[in-house]
Student: 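Dropping the structure in here first, questions after.
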Amino acid sequence: MAEQYVKDVCKRLPKLELHAHLNGSISSSTMRKLVERYRQTLKQSSSDFSVTHGWTTTIHKGNKRTLKECFAMFKIIHTVVCDEEAVTMVARDVVCDFAADGIIYLELRSTPRCNPSTGMTKISYIEAVWKGVEQAVAESNFSIDVRLLLSIDRSRGAADALDTVELAKEYRKSSPTNVVGIDFSGNPEVGNVRELLPALKYAKESGLKVSIHLAEVPDVNNETSLLLSLPPDRIGHGTFLLPSNGGTIENMELVTNYKIPIELCLTSNVKCHTVPSYDQHQFGFWINRAHPIVICTDDKGIFSTTLSEEYQVTAQTFGLSISDIRELSKQAVDYVFDEDLKTKLREKLESDGIKSRPH
Ligand code: 6MZ
């Protein structure tokens, strides 16, 4: 199929994004606004931080970075997203970007963060995120439903993890922020999963949905078994789960027997060197097994991608037909964490699908 044709179909296709980290999804134009604001409004001197000198938080086309370098980028981003105003601007812009790319349902995940120097607290952070979401939904010409996952950063220890779960419980109850679950993420080379597991169990017992980054790096089979014991409602990446890639048969069987949906982020994995090339991505394995999978962006700002582009590169690499692409976006509805929205989303996909169907 011609590249331009597939590109157009993927762009017009109504899509669901289930794995997007807020601060990794910032476009370069929003990033420029943030850096300028950090310099001017907050009057930081240029020697304060490298954000004022040759900063870069995007891995452009054709370039790659290690996971370690990616995590260094988050430090830069978090420095400029330092108060509620910046958080709201980021959430608003990111939701508008996704809506313009044809996303009809977005599960946005973010780590509640406090900053004593600006007075931002975890609570004011969450509320600032939701304020930005509401602004985007009100302003956007497109119709998009947004739900939040609060992220546990595995590098921050057990007390912080428990605190995040408590916040998620509170916000789910008092609902205006539409928190539906917990994400477990952060630098996979840092943190002790055994210590963090009780917080994740507590989240599950509390009825929160839980998506877990696991096997994102090699040689973590014991940690992966612990995390699979929950079991998670969805898995992020799972790159090194397969026995052919250093995983264990037991872990792989748990994932397949429980049919745990896997959030696959092709460009992220290729750009971070955890997968050598698109054609060697584990997407090929799971699709052949008819295992539940969903295509996602991970950090569209850092990896300079869009969900449309992720669908396009997946289709072209693995020879998917237009109906395969449609089926992938349709199946994603089965895996969303807000059960109450599933019927509405199916109807929307059906009617939008008819409108956007190529002649
Ligand atoms: C693991 C990741 C990640 O929470 O400040 N994050 N964790 N693996 C990845 N693969 C590349 N990409 C992003 O967004 C940024 C945070 O999301 C997590 C990291 O904890 C990062 O600091 P928020 O909105």
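Every number for a ligand or one of its atoms is a count from 1 in the order of the listing. Every value quoted in this text rests on a predicted model; they were computed, and no experiment measured them.
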Student: Starting from atom 19 (C) of ligand 1, what is the nearest protein heavy atom, named by residue and atom, and what distance separates them?
Tutor: F71 CE2, 3.7 Å
Student: Which residue holds the protein heavy atom closest to atom 9 (C) of ligand 1, what is that atom called, and what is the gap in Å?
Tutor: E216 OE2, 3.3 Å
Student: Mark up the atoms of ligand 1 that fall under 4.0 Å of a heavy atom belonging to D298, in ascending order.
Tutor: 10 (N), 11 (C), 12 (N)
Student: Counting only heavy atoms not in R346, do more than 12 sit closer than 6.0 Å to its CZ atom?
Tutor: yes
Student: Counting heavy atoms only, which of L22, T111, T274 comes nearest to atom 4 (O) of ligand 1?
Tutor: T111
Student: Heavy-atom contacts with S110 under 4.0 Å: which atoms of ligand 1 show up? List them by number with element.
Tutor: 4 (O), 23 (P), 24 (O)
Student: Return the closest protein heavy atom for atom 13 (C) of ligand 1 as residue, atom name and distance.
Tutor: F74 CZ, 3.1 Å
Student: Return a table of donor-acceptor pairs under 3.5 angstrom between the side chains of residues 287-295 and protein atoms on other chains or two or more places apart.
Tutor:
| from | atom 1 | to | atom 2 | distance (Å) |
| --- | --- | --- | --- | --- |
| N288 | ND2 | G284 | O | 3.0 |
| H291 | NE2 | I260 | O | 2.7 |

Student: Distance to 0.1 Å, residue and atom name: give those for the protein heavy atom nearest to atom 7 (N) of ligand 1.
Tutor: G186 N, 3.0 Å
Student: As an exercise, state the distance from CZ of F184 to OG1 of T164, rounded to the nearest 0.5 Å.
Tutor: 11.5 Å
Student: Hey, are the side chains of N23 and H78 touching, using non-hydrogen atoms and a 4.5 Å cut-off?
Tutor: yes
Student: At under 4.0 Å between heavy atoms, is it the side chain or the backbone of D299 that contacts ligand 1, or both, or neither?
Tutor: side chain
Student: Got the closest protein heavy atom to atom 17 (O) of ligand 1, with its distance?
Tutor: H21 ND1, 3.1 Å
Student: Please identify each residue that fulfils salt bridge (charged side-chain N to carboxylate O under 4.0 Å, His left out) with K271, with sequence neighbours left out.
Tutor: none
Student: Just by distance, do the side chain of N178 and the backbone of L148 share a donor-acceptor pair under 3.5 Å?
Tutor: no
Student: Specify the protein heavy atom at minimum distance from atom 22 (O) of ligand 1: its residue, its atom name, and the distance to 0.1 Å.
Tutor: H78 CE1, 3.4 Å
Student: Under a 4.0 Å heavy-atom limit, does I302 contact ligand 1 with its side chain, its backbone, both, or neither?
Tutor: neither
Student: Looking just at side-chain N and O atoms, do S27 and S29 make a donor-acceptor pair shorter than 3.5 Å?
Tutor: yes
Student: Hey, does R113 sit under 4.0 Å from ligand 1 if you only count heavy atoms?
Tutor: no
Student: Are side-chain heavy atoms of W286 and L242 found at a separation under 4.5 Å?
Tutor: yes
